[in-house]
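Below you'll find the structure, written out as C-alpha cells, and then a few comments.
Chain A is the first sequence line, chain B the second, and so forth, proteins listed ahead of strands; every chain is numbered from 1.
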4 protein chains.
Amino acid sequence: MTKPAAAPPRRKTRSDAARNRERLLDAAKALIAVRGADARLEAVARQAGLGIGTLYRHFPTREELYEAVYRRDIDQLVLLGEEAMSASDPVEGLRSWLHAAIDMVATKKGMIAAFALSTDTTSAISKRLSGRLIDAIDPLLARAVEAGRLRDEVAGEDLLLAVVGMCMMRDQPGWRASVLRLIDSLVSGLEVEG
Amino acid sequence: MTKPAAAPPRRKTRSDAARNRERLLDAAKALIAVRGADARLEAVARQAGLGIGTLYRHFPTREELYEAVYRRDIDQLVLLGEEAMSASDPVEGLRSWLHAAIDMVATKKGMIAAFALSTDTTSAISKRLSGRLIDAIDPLLARAVEAGRLRDEVAGEDLLLAVVGMCMMRDQPGWRASVLRLIDSLVSGLEVEG
Amino acid sequence: MTKPAAAPPRRKTRSDAARNRERLLDAAKALIAVRGADARLEAVARQAGLGIGTLYRHFPTREELYEAVYRRDIDQLVLLGEEAMSASDPVEGLRSWLHAAIDMVATKKGMIAAFALSTDTTSAISKRLSGRLIDAIDPLLARAVEAGRLRDEVAGEDLLLAVVGMCMMRDQPGWRASVLRLIDSLVSGLEVEG
Amino acid sequence: MTKPAAAPPRRKTRSDAARNRERLLDAAKALIAVRGADARLEAVARQAGLGIGTLYRHFPTREELYEAVYRRDIDQLVLLGEEAMSASDPVEGLRSWLHAAIDMVATKKGMIAAFALSTDTTSAISKRLSGRLIDAIDPLLARAVEAGRLRDEVAGEDLLLAVVGMCMMRDQPGWRASVLRLIDSLVSGLEVEG
DNA sequence: GATGAATGAGTCTTCATTCAT
DNA sequence: AATGAATGAAGACTCATTCAT
C-alpha cells in the first residue's frame with residue numbers, strides 16, 4: 001500500500017523507525033475515527049503492532065500525535081487550495097475546495113478530528129491547524145469576491161466553521177449528501193445575480 | 001411525580017425531592033456547559049449541593065440525566081415552532097425559529113449538548129430528542145415551500161444538521177454572529193426569486 | 001492507646017472512615033519504614049486492607065499522606081519538648097529530648113522518613129515539620145545556655161541536623177548505640193567545665 | 001570531535017573507550033548530585049554525549065556505575081588518610097581528615113551518594129566502599145587514642161556514621177558550617193583534658 | 001564498539017458506581 | 001431519602017533493559 005516502489009536500500013535504515021511512525025499515524029487516524037478523540041493510546045500502539053513505549057517515544061503527548069495525524073490531511077487541503085486558485089471560475093474553485101474538504105472527511109473518516117480539535121480554542125495545535133485551513137480558504141474566497149462573483153458577506157473563517165460544524169454530524173445517515181447540499185446552497189446564496 | 005399535589009402532613013414532603021431534582025438539572029446543565037459532556041457526575045451533585053448518591057437516585061444513568069436536562073429546552077423549541085407556524089410570513093417564521101435555536105445555545109450554553117447528544121446515533125435518547133426537533137422544523141419548512149417561497153432543496157433534517165453543527169463551534173470567538181450570518185445566507189439562498 | 005475512654009456512641013458513625021484513616025497512616029508508616037519513601041501507594045492501601053481509591057480519598061497527594069503520617073510523631077516530640085523544659089537539670093532536659101527523638105526513630109522505624117522529608121528543602125511540608133522540631137529544641141538549648149551550663153556554640157538547628165543525619169544511617173547494625181554515644185559526646189563537648 | 005589528530009592507523013583506538021568511560025563517570029556524578037541517586041541512566045548517557053547502549057556496555061548495572069563513580073573519591077580519601085597518619089598532632093590528623101571528607105562532599109556534591117549508598121547495607125558494593133573508609137579512619141582514631149589524646153569512646157565507624165549522616169543534610173542552607181562545627185565539637189568532646 | 005529504537009512491566013491517578021449508615 | 005465512603009477497573013505515563021543495525 002505505502003510501499004514506495006523500489007526504494008534504494010538505505011545504509012543505516014532508520015527507516016524502520018520512520019515506518020513505525022507511519023504505522024502509528026495510520027492506527028491513530030483509524031482509531032480516532034472509530035472511538036473518537038478519547039481513543040486509548042495503548043490501543044493505538046497495539047493496532048500499529050507496536051508497544052506503548054514506542055508510541056510515546058514518537059509522540060510524547062497526545063496532542064503531538066494528533067497534530068501529526070492531521071497535518072498530512074491539512075497539508076493536502078492547503079495544496080488543493082493552491083490548485084483551486086488557478087481554476088478558471090473563482091466560484092467553482094471555492095466550491096470544489098469545499099467539496100474536497102467534505103470528501104476528505106467522508107473518505108478518511110478520522111479527518112473529522114482535525115476539525116474537532118479546531119474546536120478546542122485553547123490548544124496551540126488547534127490554532128495552528130485551523131490557521132492553515134483559513135489561509136487556504138481565504139484567498140479562494142477573496143478572489144471570488146474581487147471578481148465580483150460573490151457578495152462579501154461571510155469570512156473564510158465563517159465558511160470553515162460551517163463545513164467543520166456540519167461534518168461533525170458525520171455519524172448521521174446520509175450526512176454527506178446533506179452537507180454537500182447545504183454548502184452548495186450557501187455558496188449559491190452568496191452569488192451575485194446575473 | 002407519582003403522588004400529585006395536596007401532600008398530606010408527611011415529614012419530608014415530596015417537594016424536597018422535586019426541588020433536588022431541579023437543582024440537579026440546573027447543576028448538570030451548568031457543568032456540561034463548562035466542562036463538556038464528560039462532566040464528572042460527582043461534581044454535578046456537589047454543585048447542586050447534594051450527595052452523589054442522591055444524583056443516582058434521581059437519575060440512575062448518565063443518559064437519563066442528560067435527557068432530562070435537555071428535555072426542557074427541546075420542549076421550549078417545540079413550542080416556539082408551533083408559534084412560528086402562525087407567523088404571517090412563512091420564511092420569517094422559519095428564520096425566527098432557527099434564530100431562536102441558535103440563541104438558545106448562545107444563552108444557555110449547556111443547550112449545545114442536546115445537539116451533541118444528537119450526534120450519537122446509537123442512543124435511543126438522542127433519537128428521541130432530535131426527532132422532536134425535526135418534528136418542530138419540518139412543518140415550518142414545508143409551509144414555506146408550499147407557499148412557493150422556498151425551493152424544495154433541503155430537508156428539515158438538513159437544516160437542523162447545519163444549525164447543530166455550526167453551534168458545536170460555539171467556543172470560537174464571534175461564533176454567534178457567524179452562525180446567524182451563515183444561516184441567513186442559507187435561507188436566502190433557498191428563497192425563490194421575485 | 002488513643003482510645004478515648006468511654007466515648008459516647010456517636011449517632012452517624014463516620015468513625016469507620018476515621019478508623020480507615022488511621023489504618024492508612026499505620027500502613028504507610030510501616031511500609032515507608034521497610035521500603036523507603038518510594039513505597040507503592042497501592043501497597044499501602046492493601047496493607048491497610050483498603051482499596052487504592054480509599055487511600056486517595058483520604059490523602060489526595062503522597063505528600064499529604066506523609067505529612068499526616070509524621071505529624072503524630074512530631075506532635076509527640078513537641079510535647080516531650082515542653083515536658084523537658086521543666087526538668088530540673090537543663091542539660092539533662094536537652095539530652096533526654098534528644099534521646100527520645102532517637103528512640104522514636106529506633107522504635108517506630110518509619111519515623112526516619114519525617115527527617116528524610118526534612119531534607120527536601122523545597123517542600124512546604126518539610127519546612128513545616130522541621131520548623132516544629134526546631135521550635136521544640138531551641139528553648140531546651142537556650143535554657144541550658146542561659147543557665148551557663150552549655151557553651152553557645154551550636155544552634156538547635158545544628159543539633160537537629162546531627163540527630164536527623166545520623167538517624168538516616170539507622171540501617172547500619174548497631175546504629176542506635178552509635179548515635180546515642182555520638183550525641184552524648186556532642187553534648188558533653190559543649191558542657192562548660194566545672 | 002573524537003578523532004584525535006595524528007591518530008595512528010587504528011580505526012577507533014582503545015582510548016576512545018577510556019574517554020567515554022570517563023565521560024560517563026563525570027556525567028553520572030554530576031547528575032546524581034543534582035537529581036539524587038534515582039537519576040535516569042539515559043540522562044546520564046545523554047549528558048555524557050553518548051548513547052544509552054554505550055553506558056550499558058561500560059557499566060552493566062547501576063551499581064557498577066555508582067561504584068566506579070565514587071571509587072575515585074574514596075581512593076582520594078584513603079590517600080589523605082595515609083598522609084594524615086604522619087601529621088605531628090594525632091588529633092589534628094583526625095580532624096583534618098574529617099574536614100577533608102566534609103569538604104569533598106561540599107565541593108563535589110555528587111560525593112554524597114557514596115555515603116548514601118553506604119546506607120544500603122545489603123549491597124556488596126556499599127560494604128566495599130564504606131569498608132575502605134573505615135580502614136582509612138580507624139588508624140587515625142587509634143593513633144590519637146593510643147597517644148592518650150582521645151578517650152576511647154567512639155569507634156571509627158561511629159564517626160563515619162556521624163559525618164555521613166550529617167552530610168546527607170547537605171541541602172539545608174548553611175549545612176557545611178553546621179557540620180564542621182558539630183564535628184569539631186564532637187572531637188573536642190572526646191579530647192582528654194590537658 | 002556505539003547507537004538509539006523498541007519494549008512492557010510497574011505505578012500513579014481518576015471516576016463511575018455501589019452500599020452501609 | 002440522603003449521604004458520602006469505599007471500591008477497583010481503566011487508562012496515562014515512565015524508565016530500565018534489550019537488541020538489531
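- As judged by a 4.0 angstrom heavy-atom cut-off over every strand, B:R57 is placed among the base-contacting residues.
- Across the protein-nucleic acid pair, D:F59 atom CZ and E:dG1 atom P stand 13 Å apart, rounded to whole Å.
- Residue D:N20 places its side chain closer to E:dA2 than to any other of E:dA2, F:dA16, F:dA12.
- C:E63 places its CD atom 11 Å from the P atom of E:dT13, with the value rounded to the nearest Å.
- Between the CG atom of C:D16 and the P atom of E:dT18 there is a distance of 20 Å, given to the nearest Å.
- Going from atom CG of C:L41 over to atom C1' of F:dA12 covers 16 Å, rounded to whole Å.
- Take the nearest nucleotide of DNA chain E for A:T54 and for D:L50: the residue whose nucleotide is more 5' is D:L50.
- The separation between D:L31 atom CG and F:dC15 atom P is 13 Å, rounded to whole Å.
- In the set E:dC12, F:dA16, E:dA2, E:dA2 carries the atom at the smallest distance from any side-chain atom of D:H58.
- Along DNA chain E, the nucleotide nearest to A:G53 and the one nearest to B:R40 differ in position, and the one closer to the 5' end is contacted by A:G53.
- A salt bridge links B:D16 to B:R19: at least one charged side-chain nitrogen sits closer than 4.0 Å to a carboxylate oxygen.
- Looking at A:Y66, its side chain does come within 3.5 Å of a backbone N or O of A:A37 through a donor-acceptor pair.
- Both A:Y56 and D:A39 sit near DNA chain F, but only A:Y56 has its closest nucleotide nearer the 5' end.
- For the pair C:L50 and C:L55, the minimum side-chain heavy-atom distance is 4.5 Å or more.
- With respect to the salt-bridge test (charged N to carboxylate O, under 4.0 angstrom), the residues A:R72 and A:E22 qualify.
- Between the C1' atom of F:dT3 and the CG atom of B:L24 lies a distance of 13 Å, rounded to the nearest Å.
- For the pair A:P60 and C:G51, both in contact range of DNA chain F, the more 5′-proximal nearest nucleotide belongs to C:G51.
- Remark: P of E:dG8 and CD of A:E42 are 10 Å apart, rounded to the nearest angstrom.
- Checked by atom type and distance alone, the side chain of D:R46 never pairs as donor or acceptor with a backbone atom of D:I52 at under 3.5 Å.
- Of all nucleotides present, only E:dC15 satisfies the Watson-Crick or G-U wobble test against F:dG8, with each distance under 3.5 Å.
- Taking atom CG on A:L55 and atom P on E:dA9, their separation rounds to 17 Å, with Å as the unit.
- Within 4.0 Å of D:I52, counting heavy atoms only, lies at least one base atom of the nucleic acid.
- With a cut-off of 3.5 Å on both Watson-Crick or G-U wobble distances, the partner of E:dA20 is given as F:dT3.
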